[in-house]
There are 2 protein chains.
Amino acid sequence: MADQSTNTQTKILEAASRVFQRKGMEGARMQEIADEAGINKALLHYYYRSKDKLFLEVFRLAIHDFIPGIRDILFRDVPLTQKLDHFIREYMRVLLENPFVPMFIIHELQRDPDRLFQVFVEAGIDPSEILQQVERSLKDNDHRSMDPKHLMINVLSLCIFPVAGRPLLQRIMFDNDGRAYEAFLEERYQVVSNFVINALQS
Amino acid sequence: MADQSTNTQTKILEAASRVFQRKGMEGARMQEIADEAGINKALLHYYYRSKDKLFLEVFRLAIHDFIPGIRDILFRDVPLTQKLDHFIREYMRVLLENPFVPMFIIHELQRDPDRLFQVFVEAGIDPSEILQQVERSLKDNDHRSMDPKHLMINVLSLCIFPVAGRPLLQRIMFDNDGRAYEAFLEERYQVVSNFVINALQS
DNA sequence: ATTATATTTGACCAATTGGTTAAATCATGT
DNA sequence: ACATGATTTAACCAATTGGTCAAATATAAT
């Protein structure tokens, strides 16, 4: 049935997302994805003809689930500090739900830049308007002057790296204590928010 | 000759580093490494018996070239702000020379955590003493109080992410203008230094 | 010249892996 | 009961890939 069909399809996509995000396109095995989805390889190819097509779909999903939503926050008419605070909280939340996505995107983009960047283009992602927003907010109030690009990348760095770098950071700085690192990430929203807002104070 | 021998060996290691760092363990092909080194596959296996052994050597090198040196800066007896400034400048310099290393380390560590983390253990990397240093410096002067772990990860994030995320950031925010992004990264040392030091001001 | 080592060449093997196929079975709605 | 599509099973194929081997050649030291 169509019900079963879409059900299996999403089961496949979710399984493929997990495997691809953890092991990358080249590291992932179709058999492993089939196992993770609880089906067999034949059915996997029955739904997605090739590894490449399946991967592209997963990559598309990762970007669509991840990139938008950010825009909305930045376009509310509130002071910059509040805007930053909202963004950091919201973005950290999304990150914690999809901790492997940033690394996944960057790694795959390095492997096949031109083709995969098309996915961004198709998704209509355009940070220039976001940058303009940040720029306007920066001029209004009495903050230190700062290149909006640097500010934006600073915020992204502070949010993304601790999540993406977890396999290294948790082991090297937290004795591989998963719970301690969870707690660290949880409290991090406040820390980053304070850090950024303070850095902007003149 | 021993001369030729070591010469070829380093040629192989450098080639393997480039290929492994860009494509990862699973994405790299022995043939590609041989080509990049200007030799053939048989000779490649003559020097390094297996892909696994070659990879492990490359991973070891990446860590040894990368992690140390940081320590030395942080142990000089200078005020925290100056220490941070030195660190950021030095670390950014190393990063620009090895832009693929952080992603490489994190990605591979995710693939095979337990085994690869051994390389860190063998290298005797221990951030606890570094953390103590930062903690002491934080208490001495009139800064905002702050968890040294968060501070350290903030600094690392601000340095590493813009370099590691280049394949995405350059395309999405700089119209894929490589020179513009170079310039952006060059001026970034000052920006990050100011940003961090300002964020710590009470 | 001889020896030893480095290097090349090209063929080759075994295992893995993406992908296919055909037939059987299961489930469901009509 | 019948038809239809979902799913399984298991065998299979072709290409890739890590790795091996043996013989030929080059290079230098002795």
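The sequence lines fix the lettering, A, B, ..., with proteins before strands; numbering per chain opens at 1.
Side-chain N or O atoms of B:Asp175 include none that pairs as donor or acceptor with a backbone N or O of B:Asp177 at under 3.5 Å.
Looking at heavy-atom distances under 4.0 Å, A:Ala28 makes contact with sugar-phosphate atoms alone, never a base.
Rounded to whole Å, atom P of D:dG19 lies 10 Å from atom CG of B:Leu54. Between A:Leu43 atom CG and C:dG19 atom C1' the separation is 14 Å, expressed in whole Å. As rounded to whole Å, 19 Å separates atom P of C:dC26 from atom CD1 of A:Ile39. Here the P atom of nucleotide D:dG5 and the CD atom of A:Gln9 are 16 Å apart, to the nearest Å. To the nearest angstrom, P of C:dT17 lies 10 Å from CD of A:Gln31. Straight-line distance from the NZ atom of A:Lys41 to the C1' atom of C:dG19: 7 Å, rounded to whole Å. In this structure, the OH atom of B:Tyr48 is 18 Å from the C1' atom of D:dG18, given to the nearest Å. In this structure, CG of A:Leu44 is placed 10 Å from P of C:dG18, rounded to the nearest angstrom.
Relative to the six-membered ring of B:Tyr181, B:Arg188 misses at least one condition, a distance below 6.0 Å or an angle of at most 45° to the axis. Both tests hold for A:Arg111 against A:Phe55: distance to the six-membered ring centre under 6.0 Å, angle to the ring axis within 45°.
For B:Ala42, the side-chain atoms get nearest to C:dT8 when compared with the rest of D:dA10, C:dT8, C:dG18. Minimum atom distance to the side chain of B:Asn40 is reached by C:dT9, of the listed D:dT7, C:dT21, C:dT9. Comparing D:dG19, C:dT9, C:dG18 by their nearest atom to the side chain of A:His45 picks out C:dG18.
There is no side-chain donor-acceptor pair under 3.5 Å between B:Asp52 and B:Ser50.
The minimum heavy-atom distance between A:Pro167 and B:Leu109, with the atom names listed, is O-CD2, 3.6 Å.
Side-chain nitrogen and oxygen atoms of A:Tyr47 include at least one within less than 4.0 Å of the OP1 or OP2 phosphate oxygen of D:dT7. The side chain of A:Thr8 contributes no N or O atom lying less than 4.0 Å from OP1 or OP2 of D:dA6. The phosphate of C:dA6 (OP1 or OP2) has a side-chain N or O of B:Tyr46 nearer than 4.0 angstrom. A close approach under 4.0 Å does occur between a side-chain nitrogen or oxygen of A:Arg29 and OP1 or OP2 of C:dG18.
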